[in-house]
Amino acid sequence: MVEEQVEPSSAISAPSSAVAGAGFPNLFLRPRREPFEHGLLPIPKLIFSDGTLTLASIRDKLLGRSVPSPHRVDAPALSDALQISLDHACLVLDTLAAVLPSDPDPDGATDVHLLVLFLYIQSYKRLVPKPHKDSVAMADVWPSTSAFDGYLSALSPLQLVRSNSRRFIPSQADEEAHQLSYLQKHMANILTLLAESVEGEGDENLVLTVERFEQLGFLVHFAEGIQLKQAAPFFANSDSDMPAAPVSAAQIHDWLAQNIVASLEHNAEKAMSKENDATMSDACISHTRAQSSSSPLETSMSSNLAYSSSVTFVEGISKTSVVKQPCDIKGHSIKVLNCNDSVIYLLAPLRYATIYGCSDATIVLGAVGKAFKVEHCERVQVIAAAKRICIANCRECVFYLGVNQKPLIIGDNHKLQVAPFNTYYSQLEEHIAQVGIDSSVNRWDESMVLGIVDPHDSLSHPAGISDVQAESPTCVDPDIFTNFLIPNWFAAEPLQCTKYNPFTLPEAYRISQKKKHSNLTDLQQAIRDVQLDETRKRELASTLHLQFKDWLYASGNIRQLYCLQGD
């Protein structure tokens, strides 16, 4: 359902039925979530309050360069055009590449008009998170006090409220309605930045070529596999041999506006229908291999089937273990939301992954090829192989990473730790290859830390906090670094079975692991060599067994053992 602060334009009216075009009567326009969920950067110089004025100037400057390919922009040219550091320019291009619907070019450059679209949406304000629908139960999971209470007591009351509040991600339907309404409000400006002027000046003389129109697919789409121009009435029959003539930007705007209104109305109707029929939620629950000592609030549940065609949800898991393999994953993205005191294995190749609002959990991800974000988590251990990772507003979390790009640390973080990747399973190398991760490159300890304030957050920010230095993560001590063992749940091992960690350990961690292995071997040999009669041997075995059992209970791992036995 559309939030109250989002008001679609009343100047455009359309019937509630879809208006996509001939041949596609039942399609509704949807925003591409990825640019809004993984593409927003808290860099002030990327956010322009004057809409198209500055961006049009930047576009013209980049297109006017005397270089062989003026329509392409690389990091040095972007750094010069925006007057930002080269590191920030590289971050912009890497982030844009991660949220493109297609694979980026290997040269690291991008199209100027796609860059302009990316810069335009940096003005987007995310939807305000809402309390969880079962706030009483969630209060037991996330207590109001934590190890940070001493630190937070020094903050202002407003800062304290913001820091202690448990925020829960809005539903997929609400987010998409909010994104659509943003595009509805700004579509005229967006089209102006893509358009070309013909036969004089003025908006009435702006036209879009089919190539520019297709670039709108960065922000909106219909169903998977249906190109934007296929659903539009004015470019449907164009091809490379006989490209269609440019179309008036005003005509394209009218068509897009009608589709957006029809989609918003359709979404609102479905949300209302869902509220009137709570039993529909049961149909949204996908199969999850889990055995729980307490019923989860929600398991793999989305707000609406229409919004989850390409996303798998693991939500509300508490005090249990969950295993998801490729056959359990729906689409190319996964979201782990509001999980507590659990171990979650997501052993599959993915494009996008999000972990939000979790605490006291261990979460293992196989391979994430586009973008991975961890936000508003406490005391979570994350193990992941990924192309890139963004960590925002987390506390006391440990990240064991195999990551090709510098980890991006944004927002208000405290006591984060990073370490090299520390596990494997039989299909890991196959999954890494599928999503394009390079296991020979691991930049786990090269974090890029940006500002503590996120300008895309709809919530107000305390005065003066923008000058606070953001906290950098520390490296896990090699002496306490350990490997994480994953049971083999795969029925048949691949031909090229992964038998060890594909990411090379740094020397200090390798030496520490070798020393621990040597100590264990020596201890095992000493136990074997001890001269004891049968009674003493049984007593020793019983003592070791009891100590191990005590450790299982004290560490909480006994629950995982029971869950896995149940599986």
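In this structure the side chain of His88 reaches within 4.5 angstrom of the side chain of Leu450, judged on heavy atoms. Looking at heavy atoms from C-beta onward, Gln405 lies in side-chain contact with Lys387 at the 4.5 angstrom threshold. Proximity of Asn422 to Ile383: side-chain heavy atoms (C-beta onward) are separated by under 4.5 Å at one or more points. Annotation: side chain of Pro35 is not in contact with side chain of Tyr124 (no heavy-atom distance under 4.5 Å). Cys394 has its side chain within reach of Leu416: a pair of non-hydrogen atoms, C-beta onward, lies under 4.5 Å apart. Considering only heavy atoms from C-beta on, Gln122 comes within 4.5 Å of Leu40 through its side chain. In this structure the side chain of Leu91 reaches within 4.5 angstrom of the side chain of Ile43, judged on heavy atoms. Using a 4.5 Å heavy-atom cutoff, the side chains of Leu408 and Leu41 are in contact.
Salt bridge status for Glu446 with Lys406: absent, with no side-chain N to carboxylate O gap under 4.0 Å. With respect to the salt-bridge test (charged N to carboxylate O, under 4.0 angstrom), the residues Arg30 and Glu176 qualify.
In this structure, Asn442 contributes its side chain and Leu401 its backbone to a donor-acceptor pair below 3.5 Å. Between the side chain of Ser342 and the backbone N or O of Asn340 there is at least one donor-acceptor pair closer than 3.5 Å. Put simply, the side chain of Glu34 never gets that close to the backbone of Pro101: no donor and acceptor are under 3.5 Å apart. Put simply, the side chain of Lys330 never gets that close to the backbone of Phe313: no donor and acceptor are under 3.5 Å apart. Between the side chain of Asn393 and the main chain of Glu375, no donor-acceptor pair closer than 3.5 Å is present.
Expressed to the nearest 0.5 Å, how far CD1 of Ile391 lies from OG of Ser447 amounts to 6.5 Å. To the nearest 0.5 Å, atoms CG (Asp341) and CZ (Arg379) are separated by 10.0 Å. Put simply, CG on Leu505 and OG on Ser512 are 9.5 Å apart, with the number rounded to the nearest 0.5 Å. A distance of 5.0 Å separates SG in Cys475 from OH in Tyr509, rounded to the nearest 0.5 Å. A distance of 10.5 Å separates CG in Asn483 from CZ in Phe421, rounded to the nearest 0.5 Å. Rounding to the nearest 0.5 Å gives a distance of 7.0 Å between NE2 of His221 and CZ of Arg32.
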Q: Decide yes or no on side-chain contact (heavy atoms from CB on, under 4.5 Å) for Phe399 and Val374, but give the supporting numbers first.
A: CA-CA 10 Å; Phe399 299 87; Val374 184; 3.9 Å; yes
Q: Report the C-alpha separation of Ile410 and Cys390 in whole Å, then their side-chain angles, then the decisive distance to 0.1 Å, and conclude whether the side-chain contact (heavy atoms from CB on, under 4.5 Å) test is met.
A: CA-CA 7 Å; Ile410 63 176; Cys390 176; 3.6 Å; yes
Q: Could you walk me through whether Glu175 and His178 pass side-chain contact (heavy atoms from CB on, under 4.5 Å), step by step?
A: CA-CA 5 Å; Glu175 282 187 322; His178 187 63; 5.6 Å; no
Q: In sequence, state the C-alpha distance, the side-chain angles, and the governing distance for Glu430 and Gln434, and then conclude on side-chain hydrogen bond (donor to acceptor under 3.5 Å, both in side chains).
A: CA-CA 6 Å; Glu430 177 185 330; Gln434 286 181 29; 3.2 Å; yes
Q: Take Lys335 and Gln172 through the side-chain contact (heavy atoms from CB on, under 4.5 Å) test and state the conclusion after the steps.
A: CA-CA 10 Å; Lys335 289 188 175 183; Gln172 197 83 353; 3.0 Å; yes
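Ala98 approaches Ala371 most closely through the heavy-atom pair CB-CB, 4.3 Å. Among all heavy-atom pairs drawn from Ala384 and Phe372, the shortest one is CB-CE2, 3.6 Å. Ile334 and Lys324 make their closest contact through CD1-CD, 4.2 Å (heavy atoms, listed as atom of the first residue, atom of the second, distance). Here the closest non-hydrogen pair linking Leu350 and Val435 is O-CG1, 3.4 Å. Here the shortest heavy-atom pairing between Val368 and Arg351 reads CG1-O, 3.4 Å. Heavy-atom minimum distance, Thr95 versus Arg388: OG1-NH2, 3.0 Å.
Side-chain contact, Arg33 with Ser310: a donor N or O sits under 3.5 Å from an acceptor N or O.
Between Tyr400 and Phe484, a ring centre-to-centre spacing not shorter than 6.0 Å is recorded.
No more than 12 heavy-atom neighbours from other residues, nucleotides or ligands sit within 6.0 angstrom of NZ on Lys515.
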